[in-house]
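Working notes for the structure below.
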Amino acid sequence: MIPILINAFRLAGSAAIGYFANDVASGVQKLLPASTQQKTVDSSGRPAWWFMAIILLLLGGVFFIIFKMIFGKKAKTAFSIILVGGVCYAIDCYMGIDSSAMLATALVTLTTGAGVLTSANLSFLPERIEYVAATQLTGVKVTVQGDGVVFDSDANGLTHIGVNRVIGQLTNSYVLTLADGVFKNKNVLFEFTNSAAQTPIVYYDSDSSAPIGQLPLFLQMMKVPLLVGGNDFTDFATLSLPSLAAGDSITVLYQDGTVQANMNRQDLQYRLGYTQNIVNTPIYQIDNYNKMIKSVTVNCLAAQTGYMQRWAPSLKGTAVKGQE
């Protein structure tokens, strides 16, 4: 009977150490001073390896004492718990079982009224934010401490970017992609400017995180001026041109050297239909998520404002808790 109990404790201990060590580490971190907490996480926001080693040893010690009290000389089997538990933890956290996925969660309810600003904060940057608004918001601005403004748009840009790569649109809904994964341990300020007597709820969600040892990328959004004549753009993920006129033209140079010249706004809408189902006027956008386009020249008959998104890394050493 005793051997059976020993094996049962050994297996249970392995699971406890391997799969709950991270939770124990988080609990211990909360008891530490803020300055010390910042030193106990690694570049991906997880507990640092040396901190986890201490937690694993502490848990192993606890199990050793339990085994010593119950089984006496059989307590040496506790060492197998530490070994197996460490392997389980490595598999759990460093081989991809750990997940940063989040279901849509309410961030803030906007205060009613045209021109009314509502702010909200998070300690991380989610992959996306979403909202439903009968009247498009006047503006959305997202600022990440240390990295600056990563998203800044007025109503025209929101109407374009808010339906980018959306296959099925909920009525009056807009989805704004902020990054290609969760940015952990970042102080983030969200600023929403309402446009009417409405109270939209803004949600956030994520379904991916960067590979271990890598940071996700911001999908940085900015307004860009287009002057009369030719305007060249490179290194972008999307280029939105809500004020593109019927007489304006676009020339696209692809990475393989192919050139498409004298494209118009109807051409853009046609091609946009490959990636999303919302292409009604004035959704004039060039999608370059797959990086097949080397450069674009937009020839304008009148000055106008465009909106560009580009993939951008976080600046080194700007995280709240030592993320680099």
Side-chain angles (χ1 to χ4, degrees), residues 34-35 37-38 41-45 100 102 107-108 110 115-131 136-162 164 174-194 202-206 208-211 213-226 231-242 285-286 288-289 291 305-324:
S35 58
Q37 290 183 29
Q38 297 177 7
V41 295
D42 62 17
S43 60
S44 65
S100 295
M102 298 176 288
L107 171 63
V108 67
L110 303 193
V116 177
L117 180 68
T118 302
S119 300
N121 293 89
L122 285 175
S123 59
F124 59 90
L125 182 74
E127 191 173 350
R128 290 175 294 269
I129 55 176
E130 308 91 22
Y131 59 88
Q136 181 60 273
L137 303 184
T138 301
V140 173
K141 185 176 182 180
V142 182
T143 306
V144 178
Q145 184 181 32
D147 288 295
V149 178
V150 298
F151 190 98
D152 185 16
S153 180
D154 56 21
N156 276 337
L158 294 174
T159 298
H160 269 64
I161 302 304
N164 179 243
Y174 300 93
V175 181
L176 310 178
T177 301
L178 306 177
D180 65 350
V182 180
F183 265 98
K184 299 179 180 179
N185 304 316
K186 292 284 189 178
N187 283 334
V188 183
L189 171 65
F190 298 86
E191 297 173 281
F192 305 96
T193 305
N194 210 340
V202 179
Y203 296 86
Y204 65 85
D205 81 279
S206 306
S208 63
S209 57
Q214 297 182 29
L215 282 173
L217 295 173
F218 296 118
L219 186 54
Q220 191 175 34
M221 163 70 165
M222 67 199 75
K223 290 181 282 190
V224 291
L226 285 87
N231 300 266
D232 298 323
F233 297 94
T234 60
D235 190 26
F236 65 89
T238 67
L239 179 62
S240 302
L241 308 164
Q285 186 181 80
I286 301 172
N288 191 32
Y289 266 56
K291 300 181 181 180
T305 299
Y307 302 85
M308 185 175 73
Q309 289 180 296
R310 66 180 179 183
W311 297 110
S314 175
L315 299 175
K316 184 176 176 61
T318 59
V320 176
K321 294 186 178 179
Q323 185 181 23
E324 295 181 353

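- For the residue pair S123 and N187, the shortest heavy atom distance occurs at CA-OD1, 4.5 Å.
- Judged as a ring-ring contact (aromatic ring centres under 6.0 Å, His included), and not counting sequence neighbours, F151 has no contacts.
- Here the NE2-CG distance, from H160 to L241, works out to 7.0 Å after rounding to the nearest 0.5 Å.
- Side-chain contact, Q285 with S240: a donor N or O sits under 3.5 Å from an acceptor N or O.
- Counting heavy atoms from C-beta on, the side chains of W311 and D180 come closer than 4.5 Å.
- To the nearest 0.5 Å, atoms OG1 (T177) and CG (L219) are separated by 6.5 Å.
- Heavy-atom minimum distance, A312 versus Q220: CB-OE1, 3.9 Å.
- Residues that satisfy the side chain to side chain donor-acceptor pair (under 3.5 Å) test with D152, not counting sequence neighbours, are absent from this structure.
- Considering only residues two or more places apart in sequence or on other chains, Q309 meets the side chain to side chain donor-acceptor pair (under 3.5 Å) condition with T238.
- Taking N121 as the reference, nothing meets the side chain to side chain donor-acceptor pair (under 3.5 Å) condition, with sequence neighbours excluded.
- For F236, there are no ring-ring contact (aromatic ring centres under 6.0 Å, His included) partners, not counting sequence neighbours.
- The OG1 atom of T143 sits 11.0 Å away from the CD atom of Q145 when rounded to the nearest 0.5 Å.
- With rounding to the nearest 0.5 angstrom, the CD1 atom of I161 is 11.5 Å from the CG atom of N156.
- Residues K223 and M308 are not in side-chain contact: their nearest non-hydrogen atoms beyond the backbone lie 4.5 Å or more apart.
- Side-chain atoms of P126 and D205, non-hydrogen and from C-beta on, never get closer than 4.5 Å to each other.
- One distance of note links CZ of F233 with CD1 of I286; it measures 9.0 Å at 0.5 Å rounding.
- Heavy atoms only, all atoms of each residue included: T305 and P242 are closest at O-CD, 3.9 Å.
- Qualifying ring-ring contact (aromatic ring centres under 6.0 Å, His included) partners for Y307, counting only residues two or more places apart in sequence or in other chains: none.
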Q.
Go through it in stages, so that I can follow the logic: the residues are V149 and K141, the test is side chain to side chain contact (heavy atoms under 4.5 Å, CB included), and I'd like the CA-CA distance, side-chain angles, deciding distance and then a yes or no.
A. CA-CA 7 Å; V149 178; K141 185 176 182 180; 3.6 Å; yes
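- Counting heavy atoms from C-beta outward, S153 and L158 have side chains that approach closer than 4.5 Å.
- Using a 4.5 Å heavy-atom threshold, the side chains of V150 and M221 count as separate.
- Looking at residues two or more places apart in sequence or on another chain, you find a side chain to side chain donor-acceptor pair (under 3.5 Å) between T159 and Q136.
- Taking the six-membered ring where the residue is Trp, the centroids of Y131 and Y204 are separated by 6.0 Å or more.
- Inter-residue side-chain proximity for L107 and L122 is flagged as met; some heavy-atom pair is nearer than 4.5 Å.
- Classified by interplanar angle (parallel below 30°, tilted 30° to 60°, perpendicular above 60°), the ring pair F218/F183 is parallel.
- Applying the side chain to side chain contact (heavy atoms under 4.5 Å, CB included) rule to L110 yields the partners V108, T118, L137, F192, N194, P200, V202; only residues at least two apart in sequence or on another chain are considered.
- Residues satisfying the side chain to side chain contact (heavy atoms under 4.5 Å, CB included) criterion with V188, sequence neighbours excluded, are L125, V142, V144, K186, F190.
- Between the CD atom of E127 and the CG atom of L176 there is a distance of 13.0 Å, given to the nearest 0.5 Å.
- Proximity of Y203 to I129: side-chain heavy atoms (C-beta onward) are nowhere separated by under 4.5 Å.
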